[in-house]
Amino acid sequence: MISPSRDRNFFLKLINKATTLSHLSQTHAQITLNGLHNDLATVTKLTHKLSDLNSIYQASLLCSKFPKPDLFLYNVLIRGFSQNNFPHKALDLYFGIRKNTTLKPDNFTYAFTVSASSYLPEKVGVLLHGQSIVGGFGSDLFVGSALVDMYFNFSKVGYACKVFDEIPERDTVLWNTVISGLVNNCFFEESLRAFKDMVVGGTRFDSTTLTAVLPASAELQELRVGMMVQCLVVKAGCHCHEYILTGLISLYAKCGEILIAKSLFDQIGCPDLVSYNAMISGFSCNNETESSVKLFKELLCLGERVNSSTIVGLIPVFSPFGNLDLTWSIHCFCLKSGMVLNPSVSTAVTTVYSRLCEIESARKLFDDSPEKSLTSWNAMISGYAQNGQTEMAISLFREMQDLEIHPNPVTVTSILSACAQLGALSLGRWVHDLINKEGFESNIFVSTALIDMYAKCGSIAKARRLFDTMQEKNVVTWNAMICSYGLHGRGHEALNLFTKMVDSGISPTGVTFLSVLYACSHSGLVNGGEEIFHSMVHDHGFEPLAEHYACMVDLLGRAGKLEKALEFIYKMPIAPGPAVWGALLGACMIHKDTNLAQLASDKLFELDPENVGYYVLLSNIYSADRNYPQAASVRQAVKKRNLAKTPGCTLIEVNETPHIFTSSDRSHPQIAAIYIKLEKLMGEMMEAGFQTETFTALHDVEEEEKELMVKVHSEKLAIAFGLIASEPGTEIRIIKNLRVCLDCHNFTKFASKITERLIVVRDANRFHHFKEGVCSCGDYW
DNA sequence: CTAGGGTTAG
């Protein structure tokens with residue numbers, strides 16, 4: 001007879017060695033024969049092994065027959081349930097222990113139970129969090145790691161970080177949990193900061209760490225991190241793991257360093273599918289379509305089965321030159337192979353369609369996708385927002401809310417862009433609250449979009465406050481703020497900010513110069529603008545593009561230097577396009593130069609015959625010059641060519657509710673009161689010396705309707721309504737889709753004086769702040 | 001390890 005203890009050790013080793021279920025079943029049988037089936041240590045080991053071999057049912061059966069399990073055995077079973085995707089069972093067991101036994105859960109119990117709760121309703125996890133604190137594990141490393149992971153899985157980034165902060169001891173696993181949690185929630189900057197803290201703090205990192213950090217740095221185009229990773233790997237003396245190499249390939253490719261990426265690819269002796277995919281996508285996003293396709297074919301020749309990642313990488317969504325035929329053939333391939341069912345593939349194709357302005361095709365693909373990821377929704381929403389279909393973007397967002405699909409920073413960025421375009425301040429504020437609640441504000445895309453939203457909704461001060469509180473700013477952030485100042489006619493602030501930007505070491509881009517030039521132009525800062533243009537070419541070595549030239553023409557023309565503007569056009573090294581002539585035509589309107597206007601519009605009708613705007617502008621110029629026959633003949637030409645005119649409309653928000661007015665609108669429920677208010681106001685204005693200027697007030701109106709319609713341009717209705725519906729002394733804020741006409745501009749000046757109100761008007765081009773009878777644009781728009 | 005979604009200017 002063998003002694004029980006020798007017996008037990010013998011069987012424990014046997015259990016450990018088992019690699020298959022039948023193996024383990026034999027051992028189990030022998031254990032029973034030897035009378036060890038009621039031995040705690042043996043049963044625990046057996047349970048552990050059974051659950052590792054995915055036989056959780058047998059494991060639980062075994063335990064249920066055991067007379068008096070201890071906490072250790074329960075913990076093993078909870079872990080088994082959790083790892084075998086039975087989170088409910090894990091939780092039942094945990095609550096069973098608390099209710100039916102006198103055992104006190106320990107850190108293992110909490111760690112395993114919390115892990116299971118990642119797949120259950122969030123409130124369960126929160127409950128467990130509380131109970132673990134009561135149990136005395138508020139700063140336990142293992143329980144804490146599980147909680148951090150859980151909160152990240154629920155996108156509760158703030159809570160995750162809070163738990164993390166309270167854990168004094170931090171090992172590699174905890175740091176990895178934090179870093180990958182941040183990356184998965186699009187908190188890229190923060191993930192890199194965490195990695196830095198980890199390294200500085202002396203915690204050893206591993207390949208898991210690097211494989212989380214590399215995509216984050218690729219996302220941010222942070223080449224330095226990649227180089228640092230390479231140095232660290234070399235220092236550590238280990239061979240560069242192939243996974244890390246693949247991550248590096250992707251990073252370098254996304255930073256435009258395609259040659260380095262290629263050389264890393266060549267370093268891999270026998271690249272796997274994933275490495276191929278990284279390289280194919282690398283070529284694609286660097287516009288090296290041929291190399292990309294070549295590598296793709298090479299991959300096919302190797303007999304390797306391509307996957308969805310290969311296809312997505314092949315689609316050059318980053319390329320500004322989308323190719324509809326290519327997209328269509330890839331789409332067909334995906335339809336035939338069933339690949340289109342993959343949400344990543346359909347999202348990629350949706351995006352290309354959107355970029356090619358094929359928004360209907362994009363929507364069809366979206367609707368046909370059986371499985372929509374958050375990314376699919378984001379692609380569709382941004383597609384609408386970028387194509388100017390802001391209402392569609394917002395309604396899709398509302399649909400998401402109804403379906404309780406949780407937005408992420410990408411979603412809110414697109415929605416903010418839509419709010420900005422639309423001037424929807426109350427929705428924008430609501431989104432801002434959401435952003436604070438979710439902790440998205442530190443995301444640079446989100447905060448930049450917020451700045452833009454507030455500025456475009458009229459709150460330039462709020463935009464600047466946000467800008468000043470941002471810890472990290474990129475070029476786009478600076479551009480957005482500079483552009484905001486331009487929009488509000490604050491040229492000096494724009495110039496100051498530009499200087500500050502250059503001083504803080506940020507390299508300006510083409511957009512920066514455009515924004516500064518427009519700001520100068522809208523504020524009449526001719527010298528400032530000319531200096532910037534000169535500096536752009538000579539100090540910054542920037543080759544001006546067509547739009548920069550157009551901006552200069554606008555600057556000179558607006559300031560009345562029409563001859564100089566024309567001279568500038570003739571000296572341009574590139575052929576002047578519609579933007580340039582359009583700017584000149586606009587200047588002719590302001591300064592009533594019909595001859596030059598005719599020259600500019602002849603060029604425009606030739607270059608851009610379908611655009612009605614130029615006809616309207618020319619007609620208005622003739623009218624302003626009281627040359628009515630000419631004006632009429634231009635309008636005749638518009639009619640003959642059957643070109644559609646954009647109807648004017650104005651939006652005003654009162655008590656968070658938007659009201660939209662069109663010309664001569666009578667549909668508003670309070671329309672009678674509005675007209676009474678308007679009449680009264682006009683009477684007071686006449687006494688104060690206001691005269692309607694019929695002849696310049698003709699954006700898109702027929703001659704005979706002029707007198708009638710001048711009185712009821714949509715912005716007048718909106719202002720009158722605003723005066724009735726809001727408290728005396730409060731600011732009135734309106735948004736219109738066309739440029740404000742001279743008559744309405746005068747009207748608003750008088751209105752601001754008589755009613756003692758600040759009136760802020762956003763027109764198609766810029767903002768006007770009316771106060772005490774004066775407009776911030778200096779009558780210069 | 002790879003692939004899909006985001007901010008500014010016109």
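Numbers restart at 1 for each chain; the letters A, B, ... are given by sequence-line order, proteins then strands.
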**Request:** Look at the rings of A:Phe542 and A:Phe513 and say which category their plane angle falls in: under 30° parallel, 30 to 60° tilted, over 60° perpendicular.
**Result:** tilted
**Request:** Provide the full list of salt bridge (charged side-chain N to carboxylate O under 4.0 Å, His left out) pairs with a residue in residues 359-375 of chain A, sequence neighbours left out, each pair given once.
**Result:** A:Arg363-A:Asp367, A:Lys364-A:Asp368
**Message:** If you only use heavy atoms from C-beta on, which nucleotide in B:dG10, B:dG5, B:dA3 is closest to the side chain of A:Ser281?
**Reply:** B:dA3
**Request:** Could you tell me whether A:Asp433 and A:Arg429 have a side-chain N and a carboxylate O separated by less than 4.0 Å?
**Result:** no
**Message:** Students often get this wrong, so: under 4.0 angstrom with heavy atoms, is A:Lys456 touching a base, only sugar-phosphate, or nothing?
**Reply:** sugar-phosphate
Under 3.5 Å, sequence neighbours excluded: what are the donor-acceptor pairs made by side chains of residues 387-401 of chain A?
residue: A:Asn387; atom: ND2; partner: A:Ser354; partner atom: O; Å: 3.3
residue: A:Asn387; atom: ND2; partner: A:Gly383; partner atom: O; Å: 2.8
residue: A:Ser395; atom: OG; partner: A:Met392; partner atom: O; Å: 3.3

**Request:** Would you mind telling me which of B:dG4, B:dT8, B:dG6 lies closest to the side-chain atoms of A:Ser373?
**Result:** B:dG4
**Message:** Walk me through whether A:Phe366 and A:Trp377 qualify under ring pair (Phe, Tyr, Trp, His ring centres under 6.0 Å).
**Reply:** CA-CA 8 Å; A:Phe366 175 78; A:Trp377 286 89; 5.3 Å; yes
**Prompt:** Can you list the residues that meet the side chain to side chain contact (heavy atoms under 4.5 Å, CB included) rule with A:Met227, with sequence neighbours excluded?
**Reply:** A:Leu223, A:Tyr252
**Fill in**
To the nearest angstrom, the OH-C1' distance between A:Tyr454 and B:dT7 comes to 16 Å
**Prompt:** Would you say the ring centroid of A:Tyr276 lies under 6.0 angstrom from that of A:Phe296?
**Reply:** no
**Request:** Starting at atom CD1 of A:Ile444, determine the distance to atom P of B:dT7, rounded to an integer number of angstrom.
**Result:** 14 Å
**Request:** For A:Pro215, report the nucleic acid contact type (base, sugar-phosphate, nothing); a contact means any heavy atom under 4.0 Å.
**Result:** sugar-phosphate
**Asked** Tell me: CG of A:Leu248 to P of B:dT2, nearest whole Å?
**Response** 10 Å
**Prompt:** The side chain of A:Thr375 lies closest to which of these nucleotides: B:dT8, B:dT2, B:dG5?
**Reply:** B:dG5
**Message:** How many whole angstroms separate atom CG of A:Leu487 from atom C1' of B:dG10?
**Reply:** 13 Å
**Request:** Can you tell me the distance, in whole Å, between the NZ atom of A:Lys254 and the P atom of B:dG6?
**Result:** 13 Å
**Message:** Which nucleotide wins on minimum distance to the side chain of A:Ser309, given the candidates B:dA9, B:dG6, B:dA3?
**Reply:** B:dA3
**Asked** Who pairs with A:Leu341 by side chain to side chain contact (heavy atoms under 4.5 Å, CB included), at least two apart in sequence or on another chain?
**Response** A:Pro370
**Item:** Positions of residues 378-393 of chain A (non-hydrogen atom under 4.0 Å from DNA chain B), listed by number
**Value:** A:Asn378, A:Ala379, A:Ser382, A:Gln386
**Message:** Without decimals, in angstroms, what is the distance between A:Ile315 CD1 and B:dG4 C1'?
**Reply:** 8 Å
**Prompt:** How would you list all residue pairs meeting side-chain hydrogen bond (donor to acceptor under 3.5 Å, both in side chains) that involve residues 456-467 of chain A, not counting sequence neighbours?
**Reply:** A:Asp452-A:Lys456, A:Ser459-A:Arg733, A:Arg464-A:Asp468, A:Arg464-A:Tyr485
**Request:** Report the nucleotide, chosen from B:dA3, B:dG5, B:dA9, that has the shortest atom-to-atom distance to any side-chain atom of A:Val312.
**Result:** B:dA3
**Fill in**
Taken in chain and number order and not counting sequence neighbours, the residues that satisfy side-chain hydrogen bond (donor to acceptor under 3.5 Å, both in side chains) with A:His331 are A:Tyr353
**Request:** Mind listing the residues from residues 551-558 of chain A sitting with a heavy atom below 4.0 Å of DNA chain B? Number order is fine.
**Result:** none
**Message:** What is the distance, to the nearest angstrom, from the CG atom on A:Leu251 to the P atom on B:dA3?
**Reply:** 10 Å
**Message:** Among B:dA9, B:dT7, B:dG4, which nucleotide has an atom closest to any side-chain atom of A:Ser515?
**Reply:** B:dA9
**Request:** Look at the side-chain N and O atoms of A:Ser250 and state whether any lies under 4.0 Å from the OP1 or OP2 oxygen of B:dA3.
**Result:** yes
**Prompt:** Looking only at N and O atoms, is any donor in the side chain of A:Asn342 or the base of B:dG4 less than 3.5 Å from an acceptor on the other one?
**Reply:** no
**Fill in**
DNA chain B nearest-nucleotide lookup for A:His522 and A:Val274: closer to the 5′ end is A:Val274
**Message:** Suppose we screen for side-chain hydrogen bond (donor to acceptor under 3.5 Å, both in side chains). Which residues come up paired with A:Glu257, at least two apart in sequence or across chains?
**Reply:** none
**Request:** Using only heavy-atom distances, decide whether a donor-acceptor pair under 3.5 angstrom links the side-chain of A:Thr411 to the base of B:dG5.
**Result:** no
**Message:** Applying ring-ring contact (aromatic ring centres under 6.0 Å, His included), can you list everything that pairs with A:Phe283, at least two apart in sequence or on another chain?
**Reply:** none
**Message:** Looking at A:Thr413 and A:Pro409, would you say the former's side chain and the latter's main chain have a donor-acceptor pair under 3.5 Å?
**Reply:** yes
**Item:** Protein-nucleotide distance (A:Met400, atom CE; B:dG5, atom P), rounded to Å
**Value:** 16 Å
**Message:** As a test of reading the structure: which of B:dT2, B:dA9, B:dG4 is closest to the side chain of A:Thr246, going by heavy atoms?
**Reply:** B:dT2
**Prompt:** What does A:Phe440 touch in the nucleic acid at a heavy-atom separation under 4.0 angstrom: a base, only the sugar-phosphate, or nothing?
**Reply:** nothing
**Message:** Using the side-chain heavy atoms of A:Pro343, tell me which of these nucleotides is nearest: B:dG4, B:dC1, B:dG10.
**Reply:** B:dG4
**Stretch residues 459-478 of chain A: residues that reach within less than 4.0 Å of DNA chain B through a heavy atom** = A:Val476
**Request:** Determine the contact category for A:Thr350: base if any of its heavy atoms lies under 4.0 Å from a base atom, sugar-phosphate if only primed atoms, P, OP1 or OP2 are that close, otherwise nothing.
**Result:** nothing
**Prompt:** Can you name the side-chain hydrogen bond (donor to acceptor under 3.5 Å, both in side chains) partners of A:Thr211, sequence neighbours left out?
**Reply:** none
**Prompt:** Does a side-chain N or O from A:Ser417 land closer than 4.0 Å to OP1 or OP2 of B:dT8, or not?
**Reply:** yes
**Message:** Can you tell me if A:Arg355 touches the phosphate of B:dG6, counting only side-chain N or O atoms and a distance under 4.0 Å to OP1 or OP2?
**Reply:** yes
**Message:** Heavy atoms from C-beta onward define the side chain here; which of B:dG4, B:dG6, B:dA3 lies closest to that of A:Thr413?
**Reply:** B:dG6
